[in-house]
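What follows is a short report on a single structure.
Lettering of chains follows the sequences in order, A, B, ..., and the numbering in each one begins at 1. Note that the structure is predicted; figures quoted are calculated from it, not measured.
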Protein chains: 2
Amino acid sequence: MKNTSASTARVRTRDPERTKGQILEAALSEFAANGYDGARVHQIAKNAGCNARLIYHYFDNKERLYAAALRKIYSDIREREAKLNLDSLPPEQAVMRLTETTFDFFENNTAFLSITRSENLLGGRFISQMPEIQKMSAPLLDKITDVLKRGRAEGVFRSGIDALQLYISIVALSAHHINASHTLSATFGRDISSVTWRQERRAHVVEMIQNAVTLGESRD
Amino acid sequence: MKNTSASTARVRTRDPERTKGQILEAALSEFAANGYDGARVHQIAKNAGCNARLIYHYFDNKERLYAAALRKIYSDIREREAKLNLDSLPPEQAVMRLTETTFDFFENNTAFLSITRSENLLGGRFISQMPEIQKMSAPLLDKITDVLKRGRAEGVFRSGIDALQLYISIVALSAHHINASHTLSATFGRDISSVTWRQERRAHVVEMIQNAVTLGESRD
DNA sequence: AAAATAATTCAATTTTGATTTACTTGAGGG
DNA sequence: CCCTCAAGTAAATCAAAATTGAATTATTTT
């Protein structure tokens, strides 16, 4: 039901910040669920509980609304990664933690993958105009580079591992079964989204990353 | 009135098969480039060098045309995999070959990833109605299972590796940087599509899969 | 408390894109 | 040769969706 379901339901107290926030939230899930072209401005308005005209009032047009949503998901994920404090962990644990956190993040924040998928379909039209995103992401790569260096110095990691390659692999292994859950399920006749399958996947991914990074286990 | 006989009257010799094929080709690249919602029927017609009306003549509507394109890319990839003959190779080589072939396939057949991406965005609406695709894919999984079993028997592979997990990992590692090339490039400020980066990626992926499958190298 | 400003609504308008109608033309069988 | 049918074309239709105009209220300012 609506907020004030009685006949006097109309008294929408004015609150631009809240409205703006609600629009962005609604936009996020609409774009995530349907992609840019599939998203409907009116549906976003409906889910935000406001009039479609307001979207234009606050965000000018569909494109800028989408850009705002895109910016938001990136600031969300980088913020979360910043909290990881990889520096303070021993290298092996740091890598494990990054892997597990990334895996869990994608599982719990489906909007991120959905929207980046949409953005890639658009050929990166919007993200390529947002230099701030690259600025947000540089620190992460530095941290990973550092962890790898430490691990190598301690003699527990293989040499010659590139930080970007590793991070992309972590993301790839954690994301692909979500990105492609429908085609994979249909192709192999198994329910890729089931909880137990996902748990198995998690273990498999963590193990793979560990094997990729550490020296062979029977090594001293 | 509508007789265009002026200037260069187009003498399009009639050939239904060719026309149909051209439409499907054009549809494939239009859907790949823009996704289902982003694709334009008129653009497909234009690229096929025919009138838009013919698309309806041969394929009824946009949805069925898309379904035809989807079916085609899957039959293409399975056909290629069938040629691999994994059975006749020693286990380690079989896995390597599958990995390399998959990696190269995605790089050279961008339509596959683009269209499955689109299909996943649609929530698998079309692929879930195509049982034939699952039937095409079962043999591959059996073959991988067999390779893993042989490797374990020969004492070169780890135990407890699931064929589906492994295949999904191979695909994930080979596909993600292509699927997400635009967002990754923008995020990390590196050209993910450059030839040299892709070569490095290939080596990294092959090594990762090898480490995942074989026992630690310093093991006897 | 009136004026100014910003938020919000309702109802167009405009655009776009899939689909259809109505027609023309080529090719093959009788 | 002509008749028929499928192949092909041009242009209209129709519906969905984005966007906007103009009026209406709430909030803030003076």
Side-chain angles (χ1 to χ4, degrees), chain A residues 2-4 7-27 29-31 33-69 118 121-122 125-126, chain B residues 1-27 30-31 33-69 118 121-122 125-126:
Chain A
K2 278 253 185 136
N3 36 3
T4 10
S7 50
T8 54
R10 164 140 30 280
V11 205
R12 184 183 168 82
T13 56
R14 292 186 173 195
D15 185 343
E17 283 315 306
R18 186 195 48 168
T19 304
K20 222 169 150 175
Q22 284 172 335
I23 290 174
L24 191 55
E25 272 312 305
S29 43
E30 175 76 3
F31 285 126
N34 303 99
Y36 180 76
D37 286 312
R40 297 291 163 250
V41 172
H42 273 85
Q43 189 60 43
I44 292 172
K46 197 171 165 188
N47 291 344
C50 77
N51 191 282
R53 188 66 181 79
L54 288 184
I55 290 175
Y56 293 89
H57 186 42
Y58 290 116
F59 294 92
D60 293 355
N61 53 37
K62 189 181 179 181
E63 297 204 341
R64 293 206 187 172
L65 177 58
Y66 174 84
S118 164
L121 183 57
L122 293 176
R125 201 165 95 210
F126 296 91
Chain B
M1 310 288 196
K2 44 197 61 175
N3 195 338
T4 50
S5 52
S7 62
T8 42
R10 319 197 37 138
V11 197
R12 186 182 169 81
T13 56
R14 297 187 172 194
D15 185 342
E17 283 315 306
R18 186 195 47 168
T19 304
K20 220 169 151 174
Q22 284 173 333
I23 290 173
L24 190 55
E25 272 312 304
E30 175 75 3
F31 284 126
N34 305 99
Y36 179 77
D37 285 314
R40 298 291 163 251
V41 172
H42 273 86
Q43 190 58 43
I44 293 172
K46 196 171 166 188
N47 291 344
C50 76
N51 190 281
R53 187 64 183 82
L54 287 184
I55 289 175
Y56 294 89
H57 188 42
Y58 290 116
F59 292 92
D60 293 355
N61 54 36
K62 188 181 180 182
E63 297 204 341
R64 294 207 187 170
L65 177 58
Y66 175 84
S118 163
L121 183 57
L122 293 175
R125 201 165 96 210
F126 295 90

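The CD atom of Q43(B) sits 15 Å away from the P atom of dT16(C) (whole-angstrom rounding). Separating the CZ atom of F31(A) from the C1' atom of dA17(D) is a distance of 13 Å, rounded to the nearest angstrom. Following rounding to the nearest Å, L65(A) (CG) and dT19(D) (P) show an atom-to-atom distance of 10 Å. Whole-Å rounding puts the R53(B) CZ to dA12(D) C1' distance at 13 Å. H57(A) places its NE2 atom 17 Å from the P atom of dA22(D), with the value rounded to the nearest Å. Between the P atom of dT24(C) and the CG atom of L54(B) lies a distance of 17 Å, rounded to the nearest Å. As a whole-Å value, the separation of K20(B) NZ from dA7(D) C1' is 13 Å. As rounded to whole Å, 15 Å separates atom P of dT24(C) from atom CG of N51(B).
Closest approach of S118(B) to G35(B), counting heavy atoms only: OG-CA, 3.8 Å. The heavy-atom pair separating I44(B) from A27(B) by the smallest distance is CG2-N, 3.7 Å. Residues D37(B) and N34(A) come closest through the heavy atom pair OD2-O, 4.4 Å.
Each of dC10(C), dT21(C), dA7(C) was ranked by its minimum atom distance to the side chain of P16(A); first place goes to dA7(C).
Within a 6.0 Å radius of CZ in R64(B), other residues, nucleotides and ligands contribute 12 heavy atoms or fewer.
Using a 30° and 60° split on the angle between ring planes, Y36(A) and F31(A) fall in the parallel class, below 30°.
Residue pairs meeting the side chain to side chain donor-acceptor pair (under 3.5 Å) criterion with at least one partner in residues 40-54 of chain B, sequence neighbours excluded, are Q43(B)-N47(B).
Between its two ends, the helix from dA1(C)-dT30(D) to dG30(C)-dC1(D) turns its axis by 10°, counting five pairs per end and rounding to 10 degrees.
Within the 4.0 Å cut-off from OP1 or OP2 of dA7(D), at least one side-chain nitrogen or oxygen of Y58(B) is found. For the OP1/OP2 pair of dA7(C) and a distance below 4.0 Å, the side-chain nitrogens and oxygens of T19(A) include no atom meeting the criterion.
Separation of atoms CZ (F126(A)) and CD (E63(A)) is listed at 4.0 Å; rounding is to 0.5 Å. Here R18(B) contributes atom CZ and E25(B) contributes atom CD; the two are 14.0 Å apart, rounded to the nearest 0.5 Å. With rounding to the nearest 0.5 Å, the separation of CZ in F59(A) from CG in L24(A) is 5.0 Å.
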With 3.5 Å as the limit, what N/O pairs link the protein to nucleotides 17-19 of chain C?
residue: dG17(C); atom: OP1; partner: R40(B); partner atom: NE; Å: 3.0
residue: dG17(C); atom: OP1; partner: R40(B); partner atom: NH2; Å: 3.4
residue: dG17(C); atom: O5'; partner: R40(B); partner atom: NE; Å: 3.1
residue: dA18(C); atom: OP1; partner: A39(B); partner atom: O; Å: 3.0
residue: dA18(C); atom: OP1; partner: R40(B); partner atom: NH1; Å: 3.4
residue: dA18(C); atom: OP1; partner: K62(B); partner atom: NZ; Å: 3.2
residue: dA18(C); atom: OP2; partner: V41(B); partner atom: N; Å: 3.1
residue: dT19(C); atom: OP2; partner: Y56(B); partner atom: OH; Å: 2.9
residue: dT19(C); atom: OP2; partner: K62(B); partner atom: N; Å: 3.1

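For dG28(C), the base has no donor-acceptor partner in the side chain of R14(B) [N/O atoms by modelled type, under 3.5 angstrom].
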